[in-house]
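Reviewing the structure listed below.
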Number of protein chains: 2
Amino acid sequence: MPYDPSAFPPFAVTVDLVVLTVRRHALCALAVRRGEPPFQGRWALPGGFVRADEDLAQAAARELAEETGLRVHDPSVPAQDNGAHLEQLATYGDPKRDPRMRVVSVAHLALAPDLPPPRAGGDASNARWAPVEELLQQGGYGRDTEPVAPLAFDHAQILADGVERARSKIEYSSLATAFCPPEFTVGELRRVYEAVWGVALDPRNFHRKVTGTPGFLVPTGGTTTRQGGRPAQLFRAGGATLLNPPMLRPEV
Amino acid sequence: MPYDPSAFPPFAVTVDLVVLTVRRHALCALAVRRGEPPFQGRWALPGGFVRADEDLAQAAARELAEETGLRVHDPSVPAQDNGAHLEQLATYGDPKRDPRMRVVSVAHLALAPDLPPPRAGGDASNARWAPVEELLQQGGYGRDTEPVAPLAFDHAQILADGVERARSKIEYSSLATAFCPPEFTVGELRRVYEAVWGVALDPRNFHRKVTGTPGFLVPTGGTTTRQGGRPAQLFRAGGATLLNPPMLRPEV
DNA sequence: GTGTTTATCGTCAAGCAGACGACTATGATC
DNA sequence: GATCATAGTCGTCTGCTTGACGATAAACAC
């Protein structure tokens, strides 16, 4: 590949973000309303162009901060922040995915604790947390029995891939704690798994599993009754990132 | 993001390939020697520019065919081809990864059965299968006690990521069969796992596991003695792609 | 035949998961 | 203040899977 600028076609490179959180027992994704054509007025994933001097991860972290104010969790700093987990998801480069020009989008997956409603450019009506079911059902009806237009571009595919990544990754890693506040109870963690997988888990077996896996959870000593019922121990995420044996996702 | 060509910097987009195979009980990757600067004369992963009208997967499949003659296995055709498995790996876009210009590379991972030595542009000395250990040891010595220069660009990182993906993916999928010819024995499949993981597996437990997992292997009825010893049954890859429970990689 | 190699079947104990009983400690309700 | 509902925590039991390993089978080399 000789260095000849005419030898390769120019591309625009963007990052798109699948930002997931758990709200009211449902897995939700951040969606923004498009202000310009194409797909004007339709919902889309947040994202933007990669700058000339920026790494892909930097660009994703910048977009995440712009859309949500979240900072990215730095693994080198021990677990006691409110930062989000951010990882590269996949890259989408169909020649026709953007009608304007050739755009390659490097999608990233972010997992965040429950947050206040987002602001996109200060306008709340242009950004929202929406249940992923709602965003993915094509041509169906949202919770207000209002017809839902499919996401712009190939963002439905990107979102579906991100959700699948999150669903599979919490099986064998401690990533589910990224959906929780810095201190959380076993029950809260269980409700994260239930929301992401869309299943009900046995509280007793779940408790045995997560407290019995070394390095997954470390007790902080405190307790809370914020979920009602008997006070529950508070935990922080332990250092372990890989769960072995994994948490088994129930069939069907 | 308004459509303003001056609003975004132009990028070159390439695909790079981590092509893995198992040769002589070792996990090997395809490496090509660079003919031009930068990194002239150094080994690198095969790859090239994505064309203007080409999808990323198409570009990767084209490069794979150009370098190895391999066609990509089409999952819609039932398992009886000699095609390779191809999947997107990750995207690398550090602003300084290519000293010439801003290049974003979408790396792909290909798994192939053992092949005749490759030809890159017809010149055998410019392409070879090399054990991944050899390609990844920085500044060490190859099997000819010849000093080995690190791979060009960030290709050592890409290769390491591809190897790790392959190592983890054969745990919970039937992907190891992509390293095997269309018909293979349990022992041959076991030697694939041993080469990829770099461990020794108990032949009896391995046999029980793979033959006991529904949909993993289907017997063809034939037998072979090409490995010596008692004749072994021949199998084809079954339709199952996900192994549940997974094949457990021994610790350490 | 004897030894070597590889394949294949079987046995046993330890560990883990799923189902589920029992008890505890809160707040809410009457 | 007794009762109820809610959520958390500890145990038990059973079945399945794994890892370690003995034993047998069928080829080839000498």
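Since the structure is predicted, the reported quantities are computational estimates derived from the model, not experimental observations. So you know, we letter chains A, B, ... as the sequences are listed, proteins then strands, and number each from 1. Only this structure's heavy atoms are used, side chains among them; waters, hydrogens and symmetry mates stay out.
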(message) For C:dA7 and B:R191 - does any side-chain N or O of the residue sit under 4.0 Å from the phosphate oxygens OP1/OP2?
(response) yes
(request) Ignoring backbone atoms, establish whether A:K209 has a side-chain N or O less than 4.0 Å from OP1 or OP2 of C:dA17. (result) yes
(message) Tell me if a side-chain donor or acceptor on A:S173 pairs with a main-chain N or O of A:L242 at a distance below 3.5 Å.
(response) no
(request) Return yes if the base of C:dG21 and the side-chain atoms of A:R204 contain a donor-acceptor N/O pair under 3.5 Å, otherwise no. (result) yes
(message) Here's a test of your reading of the structure: between B:P245 and A:G187, which maps to the more 5' nucleotide of DNA chain D?
(response) A:G187
(request) Using the closest heavy atom to pick a nucleotide of DNA chain D for each, name whichever of B:P231 or B:M247 lands nearer the 5' end. (result) B:M247
(request) Look at the side chain of A:R230 against the base of C:dT24 and say whether a donor-acceptor pair falls under 3.5 Å; ignore hydrogens and angles. (result) yes
(request) Return the value, rounded to whole Å, for the distance between atom CD of B:Q233 and atom C1' of D:dA25. (result) 13 Å
(request) May I ask you to say what B:R226 touches in the nucleic acid, namely base, sugar-phosphate or nothing, with a heavy-atom cut-off under 4.0 Å? (result) nothing
(request) Give the rounded distance in Å between these two atoms: CG of A:N205 and P of C:dA17. (result) 9 Å
(message) Output the rounded distance in Å from CD (B:Q227) to P (D:dA29).
(response) 15 Å
(message) If you assign A:G228 and A:L248 each to the DNA chain C nucleotide with the nearest heavy atom, which residue ends up on the more 5' nucleotide?
(response) A:L248
(message) Does the structure place the NZ or CZ of B:R128 under 6.0 Å from the centre of the six-membered ring of B:W43, at an angle of no more than 45° from the ring's axis?
(response) yes
(message) Is it true that B:D16 and B:Y92 share a donor-acceptor pair across their side chains at a distance under 3.5 Å?
(response) no
(request) Return the value, rounded to whole Å, for the distance between atom CG of B:N244 and atom C1' of D:dC16. (result) 13 Å
(message) From C-beta outward on A:T185, which listed nucleotide comes closest to its side chain: D:dT18, D:dG8, D:dT9?
(response) D:dG8
(message) Could you tell me how far apart A:Y193 (OH) and C:dG18 (P) are, to the nearest whole angstrom?
(response) 13 Å
(message) Tell me the interatomic distance from B:E171, atom CD, to D:dT18, atom C1', rounded to whole angstroms.
(response) 15 Å
(message) Do A:L45 and A:L17 make a side-chain contact, defined as non-hydrogen atoms from C-beta onward lying under 4.5 Å apart?
(response) no
(message) Does this structure show an ion pair linking A:E183 with A:R226, if we count only N-O contacts that are shorter than 4.0 Å?
(response) no
